[in-house]
Structures are given as structure tokens and as C-alpha cells.
Amino acid sequence: MDPQSNPASQTLFQLILAYVRPAWFRNSIGLAALVVYSYVAVWVPAYVKEVIDHLEAGSTQNDLLNACVVILALAALSGFLLFVSRWLIIGASRQIEQNLRNDFFAHIQKLTPRFYHSIKTGDLVTRFSSDIEQARMLIGPGLMYPGQTVLLTVMALYSMFRLNVELAVTLLVPISTLLIYVNLNTRVLHRLFIQAQEIYSAMTAQIQENFSGIRVIKAYCQEEAEFQRFREINERYVAKNIEQIKQRGKLYPFMRLVGGIGVVLILWRGGMKVIADELTLGALVQFAIYYYMLMWPIIALGWIINVIHRGTASWGRIQAILAVQPEITEPALPRVVSGLKGEIKVRDLTFAYAEGEPPVLREVSFHVYPGQTLGIIGSTGS
């Protein structure tokens, strides 16, 4: 995709879609494999139920062996399907990452010098490396894991309601509480990530400026001053990442607590139903397995939302650069001019690098004849 085809008014969704569209077939097959994987995965607890119920009924060793073989085959098939979906979707995201990186680099090569005066090199480097990686995460894992989560959740909930509606409704309370908390927690994480990326950009710019100007820094004995500047930025970056760690650290203990409450509800409410012969022991075990199948997607949901927030933020930062149009563009059919001769006249030229900044040239006039050379310098030390 040519970034020059992106108008500045292009929405973020349109930009992402333009890169994802060429990989639609690969992603479609990957998502189809996820559907089959989820269907196969929810059958494993059903066979576990059959094994336990048959054991209670006094089944033979052959029946037990056959059921175990079926469970093993289903587990192997689900693992293979998960591998196929991951290979297709994550592989496609790597190809998209390559195209995006090539387009980003080609685009910044076409921009005029005025653009480079308005942005730091370190900021560009951050967008070229870290932001593009986060953008890939959005269209790779950010596509695969939500699909897997939604499919497994829907199928597991359907199976749980088929087993016992009352017990399933009871478990919706802790599950819903967890979903709400995960959503609120990851919103804060999204804001902290954007702030951390901005600080990281400033730190990268500081490093780049120091490395490129190391001779001047050492000549004027500014090593200590530059180190203090870098340490201050680095400390702010570490502090912002620690904030993210603390916020993320609140998530997993709460998830464990909700998971434990769910297990207690299953054992208490389900156990009472087993005692009252309203539910078999195998069905209770099947229900518990479905609940644990639900817990992984919900726990992963926090990470998924975090990936989505990070990815959209990074896509926005990339789009901000791709939307910049060169001030000077080559015509589709440039004129071929050879043997240029003539003189250059400049009258009362005032020039500033950006609007609102003080001019570096003020009312300059000169006349250069063919064959002459002119150099313009500022005051000594300027």
C-alpha cells in the first residue's frame, strides 16, 4: 500500500483496513479454524462427564479406555487447529508489519526538510520501531485472541445453560463483575501506555542527539549536564512503567478472587443439587470444567483490551505521520531540462523554519550571476 494514497482525512479504521484487506483470505481461514477449535474444545468436558457417570454406574475397563482415547483425540485435534489458526493469523500480521514498515520509511523519505524541523528524530525512531510493533499486535494477537475468547465464551455458556440454568445464572454474577472491573482497569492502562510512549520518544530523541553530537559535548565538557538530562527522562519513564505495573498488578489478584468465588458457588450450589439428585456428579465436574474454560478468556480479556488500546494508540501515532503530505511533489510527467544557464535574483527575502518562530533570514537581497558562488552565514557563533 502506498501511504501517499492516504488523504489526511482518512480515518484510523480505514488505514488499518487498507493494510488488513490483502490478508483477508488467510485471516478468514484462521478464524474458521478457531471456530472448529472452540467446537471441539467444548466436547472434551462432555466426554469427561460421560466417563464419571459411567464409572458411577459400574462401566467396564474397555468403556473407560474408549472414552479416554476419544478425549485424547479431541485434545490433539483442538491443539492442531489452534496451531493452524495461530500460524495463519499471526503470520499474516508479520507480513502486514513488513508492508507498514516499508511504507512508513518510504513516506518519511518523501517529506520536505520543514517536516524534520517540527519533529525529533527519536520520536520518528520510536514510531518506526515500537509503535509499528504495537500496531502489529493489534492486527495479529488482537484479532486472534478476541475471536478465540468470544467463541469459547459463547459455546461454554451455552453448554452450561443446557446443563443447569439456575447454576449458570448464579455464576453470571461473578463473571459480570470481573468483566466490568477488567474494562475499567484497562482504560487506565491505556492512558498510562500513551504517556509512557511519549516519554520513551523523548528519551530516544535525547539518546540520538547525544550520540550524534558527542564530539561537541566532550569538547565543551558537558557530559555531566547531558547525563543529568538523560537521567531525569529515564526516571520519568521508569516511574510511568511502574504505574502500569501497579495498575496491572491489581487485576490478577481480583481475577483470582472472583475465580475462587465461582468455584465455591459451583461446589455449594452444584453439590446441593447432586445430593438432591437434580444433577449427576459427572455433570457437576463438566460444569466446573466449563467454568475454568471461561476463566481463561476472561483473564486474557485484560491483556486483549490492553493490546487493543496500545495498538490503536500506536496506529494513531503512525497515521499522524502518514497523513503529512510533502510540500513539494513531483509531477506525474516531469519536464526534462538540460543545460540550465542563467542568474538568480532574490529580493527582500525573510525566512523562518516554522510559522510563529523568529526568522533566520530577514529582508535578504542578492544577485548571483552565472558561474558565481554565494555562501550565506550568520554572526560568528550563531
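Just so you know, these numbers use all the heavy atoms, side chains as well, and skip hydrogens, waters and symmetry mates. Positions are given from 1, in the same order as the sequence printed here. Bear in mind that the values here come from a model prediction, so they are computed numbers and not experimental data.
Proximity of L138 to Q134: side-chain heavy atoms (C-beta onward) are nowhere separated by under 4.5 Å. In this structure, Y19 and D103 have side chains that are in contact, with non-hydrogen atoms separated by less than 4.5 Å. Looking at heavy atoms from C-beta onward, S365 lies out of side-chain contact with V346 at the 4.5 angstrom threshold. For the pair V70/N66, no side-chain contact is recorded, criterion being any heavy-atom separation below 4.5 Å from C-beta on. Residues F13 and L17 have side chains in contact (heavy-atom distance under 4.5 Å, counting atoms from C-beta outward). You'll find the side chain of L82 reaches within 4.5 Å of the side chain of L34, heavy atoms only. Contact annotation: the side chain of V35 never approaches that of Y39 to less than 4.5 Å [non-hydrogen atoms, C-beta and beyond]. Here the side chains of L167 and M160 are not in contact, with every heavy-atom distance at 4.5 Å or above.
A distance of 9.0 Å separates OG in S93 from CD1 in I89, rounded to the nearest 0.5 Å. The distance from the CZ atom of F128 to the CD1 atom of I108 is 6.5 Å, given to the nearest 0.5 Å. The line from CG of N164 to CG of L279 is 5.5 Å long, rounded to the nearest 0.5 Å. For the atom pair OH of Y37 and CG of L151, the computed distance is 10.0 Å after rounding to the nearest 0.5 Å. Annotation: the span from I132 atom CD1 to T126 atom OG1 amounts to 11.0 Å, rounded to 0.5 Å. In this structure, CD on E235 lies 10.5 Å from CD1 on I242, to the nearest 0.5 angstrom.
Closest approach of E357 to A352, counting heavy atoms only: O-CB, 3.6 Å. Listed here is the closest heavy atom pair of I266 and A288: CD1-CA, 4.0 Å. Heavy-atom minimum distance, G249 versus P253: O-CD, 2.8 Å. Shown here for V48 and V285, the closest heavy-atom pair between the two residues is CG1-CG1, 4.1 Å. In terms of heavy atoms, A202 sits closest to I233 at O-CD1, 4.2 Å. Annotation for A135 and L100: closest pair CB-CD2, 4.2 Å, computed over non-hydrogen atoms.
Not a single ring pair (Phe, Tyr, Trp, His ring centres under 6.0 Å) links Y158 to another residue, sequence neighbours left out. Partners of Y200 by ring pair (Phe, Tyr, Trp, His ring centres under 6.0 Å), not counting sequence neighbours, listed by chain and number: Y237. For Y47, there are no ring pair (Phe, Tyr, Trp, His ring centres under 6.0 Å) partners two or more places apart in sequence or in a different chain. For the side-chain contact (heavy atoms from CB on, under 4.5 Å) test, residues two or more places apart in sequence or in another chain that qualify with L257 are I261. V150 pairs by the side-chain contact (heavy atoms from CB on, under 4.5 Å) definition with V154, not counting sequence neighbours. Applying the ring pair (Phe, Tyr, Trp, His ring centres under 6.0 Å) criterion to F25, with sequence neighbours excluded, gives no partner residue. With sequence neighbours left out, the side-chain contact (heavy atoms from CB on, under 4.5 Å) criterion links N185 to Y181, L189, Q247, K250, L251.
Tracing side-chain contacts under 4.5 Å through hydrophobic residues (I, L, V, M, F, W, Y), one never reaches I29 starting from V40; they form parts of separate clusters. Two different hydrophobic clusters hold M137 and I194 under the rule that ILVMFWY side chains link at heavy-atom gaps under 4.5 Å. In the hydrophobic clustering of ILVMFWY residues, with side-chain heavy atoms under 4.5 Å counting as a link, L265 and I275 come out apart. Cluster annotation: L88 is not connected to V36 through the hydrophobic network of ILVMFWY side chains, with a link wherever side-chain heavy atoms come within less than 4.5 Å. Hydrophobic clustering (ILVMFWY, side-chain heavy atoms < 4.5 Å, transitive): I245 and V307 are in distinct clusters.
Shown are L178, L152, T153; of these, the side chain to side chain contact (heavy atoms under 4.5 Å, CB included) with L294 is made only by T153.
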E133 vs R94, salt bridge (charged side-chain N to carboxylate O under 4.0 Å, His left out): CA-CA, chis, key distance, verdict: CA-CA 9 Å; E133 170 61 19; R94 287 295 183 184; 3.6 Å; yes

Criterion salt bridge (charged side-chain N to carboxylate O under 4.0 Å, His left out) on E243 and K246, from CA distance to verdict: CA-CA 5 Å; E243 282 188 61; K246 288 180 178 178; over 6 Å; no

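Pairs of residues two or more places apart, or lying in two chains, that qualify as side chain to side chain donor-acceptor pair (under 3.5 Å) and include a residue from residues 225-234 are Q206-E226, Q206-R229, N210-E226, E224-Q228, E226-R229, Q228-R231, E232-R236. For residues 277-294, the side chain to side chain donor-acceptor pair (under 3.5 Å) pairs, not counting sequence neighbours, are D53-T280, K273-E278, Q286-Y290. Under the side chain to side chain donor-acceptor pair (under 3.5 Å) criterion, no residue pair touches residues 70-84, with sequence neighbours excluded.
Side-chain atoms of E198 and Q195 include no donor-acceptor pair closer than 3.5 Å. Side-chain polar atoms of R317 and S201 form a donor-acceptor pair below 3.5 angstrom.
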Less than 3.5 Å apart, which donor and acceptor atoms pair up between the side chains of residues 139-149 and the rest of the protein, not counting sequence neighbours?
from: Y145; atom 1: OH; to: R86; atom 2: NH1; distance (Å): 2.5
from: T149; atom 1: OG1; to: Y145; atom 2: O; distance (Å): 2.8

Return a table of donor-acceptor pairs under 3.5 angstrom between the side chains of residues 366-378 and protein atoms on other chains or two or more places apart.
from: H367; atom 1: ND1; to: Y369; atom 2: OH; distance (Å): 3.4
from: H367; atom 1: NE2; to: E343; atom 2: OE2; distance (Å): 3.0
from: Q372; atom 1: OE1; to: Y369; atom 2: N; distance (Å): 2.8

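Sparse packing is recorded around CZ of F80, with 12 or fewer heavy atoms of other residues, nucleotides or ligands lying under 6.0 Å away. Heavy-atom contacts from other residues, nucleotides or ligands closer than 6.0 Å to OH of Y220 number 12 or fewer. Within a 6.0 Å sphere centred on CD1 of I344, other residues, nucleotides and ligands contribute 12 heavy atoms or fewer. Dense packing is recorded around OH of Y116, with more than 12 heavy atoms of other residues, nucleotides or ligands lying under 6.0 Å away.
In this structure a side-chain-to-backbone donor-acceptor pair under 3.5 Å is missing from S176 to V173.
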